[in-house]
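The figures here come from the full heavy-atom set of this structure, side chains too, leaving out hydrogens, waters and symmetry mates.
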Amino acid sequence: MAGKYELYSDKAGKFRFRLKAGNGQVIAVSEAYESKASALNGIASVKANADSETDDLT
C-alpha cells in the first residue's frame with residue numbers, strides 16, 4: 001500500500017498535513033498554515049522535492 005498525505009485542522013483552527021507510510025506510520029508532520037490553500041501548496045512542495053539528495057551531517 002502506498003503512503004498518503006492527510007490534510008487536517010489542528011486544535012487552533014490552522015491547517016496541517018501529515019505524511020503516512022503504507023503501514024499507517026506517521027513519517028512527517030507539517031508546520032501550521034493559515035489557509036487550506038497554503039497547506040496544499042506545502043504538500044505539492046514536498047512532492048516536488050521529495051526525491052532530493054541526503055546531506056549526512058554526522
Side-chain angles (χ1 to χ4, degrees):
M1 181 165 144
K4 66 179 177 180
Y5 294 88
E6 293 181 338
L7 181 62
Y8 63 98
S9 294
D10 65 15
K11 291 179 183 179
K14 308 242 181 192
F15 295 92
R16 295 180 180 266
F17 65 87
R18 59 186 152 236
L19 175 56
K20 285 191 168 183
N23 66 1
Q25 181 179 0
V26 176
I27 56 177
V29 178
S30 75
E31 62 184 280
Y33 294 91
E34 294 293 328
S35 70
K36 185 176 181 178
S38 294
L40 290 170
N41 285 337
I43 291 171
S45 178
V46 171
K47 287 180 177 181
N49 294 292
D51 193 21
S52 305
E53 293 182 25
T54 300
D55 192 7
D56 186 352
L57 301 176
T58 59

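Summarising the hydrophobic clusters (Ile, Leu, Val, Met, Phe, Trp, Tyr; side-chain heavy atoms under 4.5 Å, direct or chained), the residues clustered with Val29 are Tyr8, Val26.
Closest heavy-atom contact between Ser9 and Phe15: OG-CE2, 3.7 Å. Shown here for Gly42 and Tyr33, the closest heavy-atom pair between the two residues is CA-OH, 3.7 Å.
Rounding to the nearest 0.5 Å gives a distance of 12.0 Å between OH of Tyr5 and CG of Leu40.
Sorted by first and then second residue, the pairs that involve residues 12-25 and meet salt bridge (charged side-chain N to carboxylate O under 4.0 Å, His left out), not counting sequence neighbours, are Glu6-Arg18, Glu6-Lys20, Asp10-Arg16, Lys14-Glu34. Within the structure, the salt bridge (charged side-chain N to carboxylate O under 4.0 Å, His left out) test picks out no pair touching residues 47-58 (sequence neighbours left out).
Residues satisfying the side chain to side chain donor-acceptor pair (under 3.5 Å) test with Thr54, not counting sequence neighbours, are none. With sequence neighbours excluded, the residues that form a side chain to side chain contact (heavy atoms under 4.5 Å, CB included) with Ala28 are Leu19. Shown here are the side chain to side chain contact (heavy atoms under 4.5 Å, CB included) partners of Ser45, two or more places apart in sequence or in another chain: Asn49.
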